Amino acid sequence: GERQPPPLSLPLSASPREAAALLNDCCSLLDSLQRHGAPLGLVSFGAVIGAVEHWGLGERVRALLLAANSAQQQQEARASARASAAEGEARGGDVSASTE
């Protein structure tokens, strides 16, 4: 069957502990994104807290932040691979670049 999107809000049976854990997950994911170079103004902690606590969008916010973290890690891996390849060429791969 087709995958259904996460529900808009926590089930009514969610405990305060579950709700706090979800908010903590979302804030940790946002912190990780910012530490890895995402623009600080892209998403604020206030927006995450509001979406989770006031609108009940915690599962969707977490899914979005997980996807953003994954994309950020893939981008960093590609940049690192390009830097390693360029460093290898500079060490002796392509001599023509160093002759002027």
Side-chain angles (χ1 to χ4, degrees):
E2 193 176 315
R3 260 186 81 196
Q4 294 296 317
L8 279 175
S9 62
L10 281 172
L12 293 176
S13 61
S15 71
R17 181 178 292 199
E18 290 170 326
L22 181 59
L23 179 60
N24 187 52
D25 285 351
C26 291
C27 288
S28 293
L29 287 164
L30 179 56
D31 180 61
S32 175
L33 262 180
Q34 290 180 349
R35 281 187 284 111
H36 289 278
L40 293 177
L42 190 61
V43 178
S44 70
F45 282 95
V48 167
I49 292 166
V52 173
E53 289 184 343
H54 299 290
W55 295 322
L57 297 173
E59 291 296 334
R60 294 214 175 183
V61 170
R62 180 168 47 192
L64 175 69
L65 292 170
L66 280 168
N69 268 286
S70 178
Q72 182 77 24
Q73 289 171 359
Q74 290 173 1
Q75 187 177 9
E76 287 175 4
R78 284 191 300 270
S80 178
R82 282 192 301 270
S84 293
E87 188 176 303
E89 289 177 11
R91 282 195 186 138
D94 185 5
V95 182
S96 64
S98 62
T99 58
E100 291 189 351

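What you are looking at is a predicted structure, and each value in this text was computed from that prediction instead of being measured.
- Between the side chain of Asn24 and the backbone N or O of Ala20, no donor-acceptor pair lies under 3.5 Å.
- In terms of hydrophobic clustering, with Ile, Leu, Val, Met, Phe, Trp and Tyr side chains grouped at heavy-atom distances under 4.5 Å, Leu29 and Ile49 are assigned to a common cluster.
- Of all the heavy atoms in Ser32 and Asn69, the pair that sits closest is OG-OD1, 3.1 Å.
- Within the 4.5 Å cutoff, the side chain of Trp55 has no heavy atoms near those of the Arg60 side chain.
- Note that the CG atom of Leu33 and the CD atom of Gln73 stand 9.0 Å from one another [nearest 0.5 Å].
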Would you list the atom pairs, donor with acceptor, under 3.5 Å between side chains in residues 77-86 and any protein atom, with sequence neighbours excluded?
unit_1: Ser84; atom_1: OG; unit_2: Ser80; atom_2: O; d: 3.1

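- Every side-chain hydrogen bond (donor to acceptor under 3.5 Å, both in side chains) that Asp31 has, sequence neighbours left out, goes to Arg35.
- In this structure, Ser70 contributes its side chain and Leu66 its backbone to no donor-acceptor pair below 3.5 Å.
- For the residue pair Gly58 and Val52, the shortest heavy atom distance occurs at CA-CG2, 3.7 Å.
- The only option from Leu30, Asp25, Leu23 that meets the side-chain contact (heavy atoms from CB on, under 4.5 Å) definition with Cys27 turns out to be Leu23.
- Judged as a salt bridge (charged side-chain N to carboxylate O under 4.0 Å, His left out), and not counting sequence neighbours, Arg17 has no contacts.
- Residue His36 comes nearest to Gln72 through the heavy atom pair O-NE2, 2.6 Å, listed as atom of the first residue, atom of the second, then distance.
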